[in-house]
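Below: the structure, in structure tokens.
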Amino acid sequence: MMNAIASSDLRRRYGRTAAVDGLNLSVPLGSIYAFLGPNGAGKTTTIKMLLNLLRPTSGSSEVLGTPSQRLGPAEFTRIGYVSENQQMPEWMTLRQLIAFCRPLYPTWNDPLCHKLVSSFELPLDIPLRHLSRGMRMKAALLVALAYRPKLLVMDEPFTGLDALVRDEVISGMLEVTEQEQWTVFISSHDIDEVERLADWVGILDGGHMYLSESAAALQARFRRMEAVTVDPARLPARPPKSWLAPDVTPHRFTVVETEYVGGASEQRVADAIAGAEQIAAAEMTLREIFLALARTFRIRP
């Protein structure tokens, strides 16, 4: 499988602090990849190194087949970038911004640009500084999409946007990327929104890649297990390694099973918890999976 983004043993240190520590990342070409992790996990630092905005302490990465440290103007005509802290010439109107950007990109597509202006309901002749945050974010996305990049990188694009604007941004992005078969790499705290988009998921913890796999595979192997305990029960001295946050009370046992196998996982609960009955497994959303892992990261010694 070809990768739009790949890194090998990527590291970035600030003094004694390792912001990114031995990161191995593979983003399949044509995927919508959700890059998730708790605050301070190293997501933005990783993106800056991938895009040659920050030099790594060691290791390597490449984007669309080019080593990150060799990315330049020619390569950035194939890469779109949208960030929550995006700086824009706010004295310009959107019409002026479009006119400024158009000659910079050989693949600029006027029909697509006009379609996005209409879809996002953006005013063309009002200075950007007078637009709402949501409108400015839509304007940034418009100029990142209008030249039809092969890769779109988004760093916390939904922060501070209301639900309607988020929905408009996502709908517009999905419509374009599905038609063009682009790769999207998105870092976001809005797990519910990301779940609508992603077909691949990577979760970062302490600068390390904890997991990276298709969304379908991830949700197939995670289940919330529950059982009724007839007798007062205790957790086994050595719970299975695939269990997260096991909890037992006199009447109920719950656990997140990370390697679910129908029948075998239920039997594992029956064997481990004396008196367990009515054992049930429930599917989990991406948000529930992320929260279960984030709590585990927080309590890990």
Side-chain angles (χ1 to χ4, degrees), residues 3-28 31 33-72 75-76 79 81-87 151-160 183-191 194 198 200-213 218 222 238-239 241-246 256 258 286-301:
N3 293 314
I5 297 172
S7 72
S8 176
D9 202 28
L10 195 63
R11 300 173 188 272
R12 174 68 192 193
R13 299 189 66 87
Y14 295 96
R16 295 183 179 181
T17 302
V20 176
D21 193 8
L23 183 70
N24 297 305
L25 175 66
S26 297
V27 178
S31 65
Y33 191 105
F35 191 50
L36 309 177
N39 288 333
K43 302 186 297 299
T44 295
T45 300
T46 297
I47 289 173
K48 288 182 177 180
M49 288 191 289
L50 292 174
L51 296 182
N52 199 22
L53 302 174
L54 183 67
R55 288 199 172 266
T57 303
S58 61
S60 63
S61 62
E62 62 178 39
V63 176
L64 298 178
T66 299
S68 291
Q69 293 187 38
R70 295 182 186 173
L71 292 176
E75 288 74 27
F76 280 110
I79 302 169
Y81 176 58
V82 178
S83 167
E84 65 171 328
N85 298 316
Q86 192 125 357
Q87 294 186 358
L151 170 67
L152 176 63
V153 178
M154 306 181 76
D155 188 12
E156 297 293 347
F158 308 124
T159 301
T183 304
V184 179
F185 184 75
I186 180 168
S187 167
S188 177
H189 287 104
D190 291 282
I191 310 299
V194 167
W200 276 78
V201 177
I203 295 182
L204 197 66
D205 172 42
H208 297 275
M209 183 59 73
Y210 181 81
L211 62 82
S212 179
E213 60 192 281
L218 180 64
F222 271 72
R238 294 185 178 180
K241 292 182 179 179
S242 63
W243 284 5
L244 293 182
V256 173
T258 65
L286 178 57
R287 177 184 179 82
E288 289 171 334
I289 292 170
F290 175 78
L291 290 176
L293 290 171
R295 291 187 184 103
T296 301
F297 299 155
R298 187 178 300 167
I299 65 175
R300 185 180 298 162

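Heavy-atom basis, side chains included; hydrogens, waters and symmetry copies ignored.
Not a single donor-acceptor pair under 3.5 Å links the side chain of K43 to the backbone N or O of F35. Between the R11 side chain and the P56 main chain, no donor and acceptor come within less than 3.5 Å of each other. In terms of modelled atom types and a separation under 3.5 Å, the side chain of T57 and the main chain of R13 share a donor-acceptor contact. Checking side-chain atoms of S7 against main-chain N and O of L25 turns up a donor-acceptor pair under 3.5 Å.
Between Y81 and I47 there is a side-chain heavy-atom pair separated by less than 4.5 Å. At least one side-chain heavy atom of L71 sits under 4.5 Å from a side-chain heavy atom of I79. At a threshold of 4.5 Å between non-hydrogen side-chain atoms, the residues L50 and F185 count as touching.
Considering every non-hydrogen atom in both A292 and V256, the closest pair reads CB-CG2, 4.1 Å. In plain terms, the two heavy atoms of H208 and L23 that are nearest each other are C-CD1, 4.4 Å. The two residues Y14 and L54 have their closest heavy-atom pair at OH-CD2, 3.3 Å. Taking every heavy atom of both residues into account, S31 and W200 meet most closely at CB-CD1, 3.7 Å. Counting all heavy atoms, side chain and backbone alike, S188 lies closest to E156 at CA-OE1, 3.4 Å. Shown here for I191 and R287, the closest heavy-atom pair between the two residues is CG2-CA, 3.4 Å.
Of the options T46, D155, L36, a side chain to side chain contact (heavy atoms under 4.5 Å, CB included) to S187 is made by D155 and by none of the others. The one candidate from T258, I203, L204, I289 that meets the side chain to side chain contact (heavy atoms under 4.5 Å, CB included) condition with L211 is I203.
In this structure, the side-chain contact (heavy atoms from CB on, under 4.5 Å) partners of S8, at least two apart in sequence or on a different chain, are N24, S60.
Here S61 contributes atom OG and I5 contributes atom CD1; the two are 9.0 Å apart, rounded to the nearest 0.5 Å. Atom CG of L53 is separated from atom NZ of K48 by 7.5 Å, given to the nearest 0.5 angstrom.
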